[in-house]
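Presented below is the structure to which this report refers.
Owing to the predicted nature of the structure, the values given are computational and were not obtained by experimental measurement.
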Amino acid sequence: MDNLLPRKSLFVYTICLVSLIPITKGDYPPFFSLDCPDPTLNTTGTYAPNSTYKTNLNTLFSALSSHSNNASNGFYNFTAGTSPPDIAYGLFLCRGDISSAKCQDCVVNTTQNVVEWCPRSKRVTVWLEECMLRYSNEYIFARQDRGFIGVLRNAWNVTNKTHFNEVLGEVIL
């Protein structure tokens with residue numbers, strides 16, 4: 001019995017360490033967090049493939065992707081549709097130290113793949129290495145997303161330290 005306790009402790013410790021590794025899907029940058037309801041457990045948070053919400057979601061993705069190339073501050077939000085509950089609210093936020101081209105790549109790739117990662121989900125928040133995408137059928141602007149609680153950190157060196165410090169100075173003040 002005494003020998004079982006160290007093995008259990010080692011198992012729990014290993015699980016905790018493995019949970020800190022970012023999730024990866026194919027060749028895409030690692031996920032830091034992917035929050036979407038499981039469609040098999042939550043049918044109220046899903047949409048039908050040919051629904052008005054799906055059409056509005058496609059419009060939202062198109063708007064976010066097309067504005068990601070000229071969002072000087074790395075942020076943009078958009079609303080598609082006019083009638084609840086089929087309105088699609090969405091936004092993206094890019095890391096402050098990346099170029100607008102990298103921001104655009106991240107947003108475009110995320111909007112193209114998020115439906116595969118979270119099939120038919122009406123509410124999704126995905127944090128990647130270079131950007132975050134969030135959308136919902138409920139109003140999300142100026143409202144905290146309580147789905148992700150954690151600290152995101154850049155494991156690599158900042159590519160443009162001067163720009164990073166300028167942006168950091170603006171945010172902190």
To the nearest 0.5 Å, what is the distance between [atom1] on [X] and [atom2] on [Y]?
X	Y	atom1	atom2	result
Asn77	Leu64	CG	CG	8.5 Å
Arg95	Cys103	CZ	SG	11.0 Å
Leu57	Ile87	CG	CD1	13.5 Å
Arg123	Cys36	CZ	SG	8.0 Å
Cys131	Leu93	SG	CG	8.5 Å

*Give a yes or no on this: more than 12 heavy atoms of other residues, nucleotides or ligands lie within 6.0 Å of atom CD of Gln112.*
yes
*Has Asn50 got more than 12 heavy atoms of other residues, nucleotides or ligands less than 6.0 Å from its CG?*
no
*Within-4.5 Å side-chain heavy-atom neighbours: Leu133 and Thr125*: no
Residues two or more places apart in sequence or in another chain: which of them pass ring-ring contact (aromatic ring centres under 6.0 Å, His included) with [X]?
X	value
Tyr139	Tyr89, Phe141
Phe92	none
Phe78	none

*Give a yes or no on whether a salt bridge exists between Asp97 and Lys161, defined as a side-chain N under 4.0 angstrom from a carboxylate O.*
no
*Between Phe61, Phe75, Tyr76, which is the residue that forms a ring pair (Phe, Tyr, Trp, His ring centres under 6.0 Å) with His67?*
Tyr76
*asked:* Taking side chain to side chain contact (heavy atoms under 4.5 Å, CB included) as the definition, give me every residue that meets it alongside Ser83, ordered by chain and number, with sequence neighbours left out.
replied: none
*Partners passing side chain to side chain contact (heavy atoms under 4.5 Å, CB included) against Thr55 (at least two apart in sequence or in another chain)*: none
*Could you list the residues that satisfy side-chain hydrogen bond (donor to acceptor under 3.5 Å, both in side chains) with Asn58, not counting sequence neighbours?*
Lys54
_Criterion disulfide (SG to SG under 2.5 Å) on Cys94 and Cys106, from CA distance to verdict_ = CA-CA 8 Å; Cys94 290; Cys106 187; 5.9 Å; no
_Keeping Ser51 on the side-chain end and Tyr47 on the backbone end, is there a donor-acceptor pair under 3.5 Å?_
no
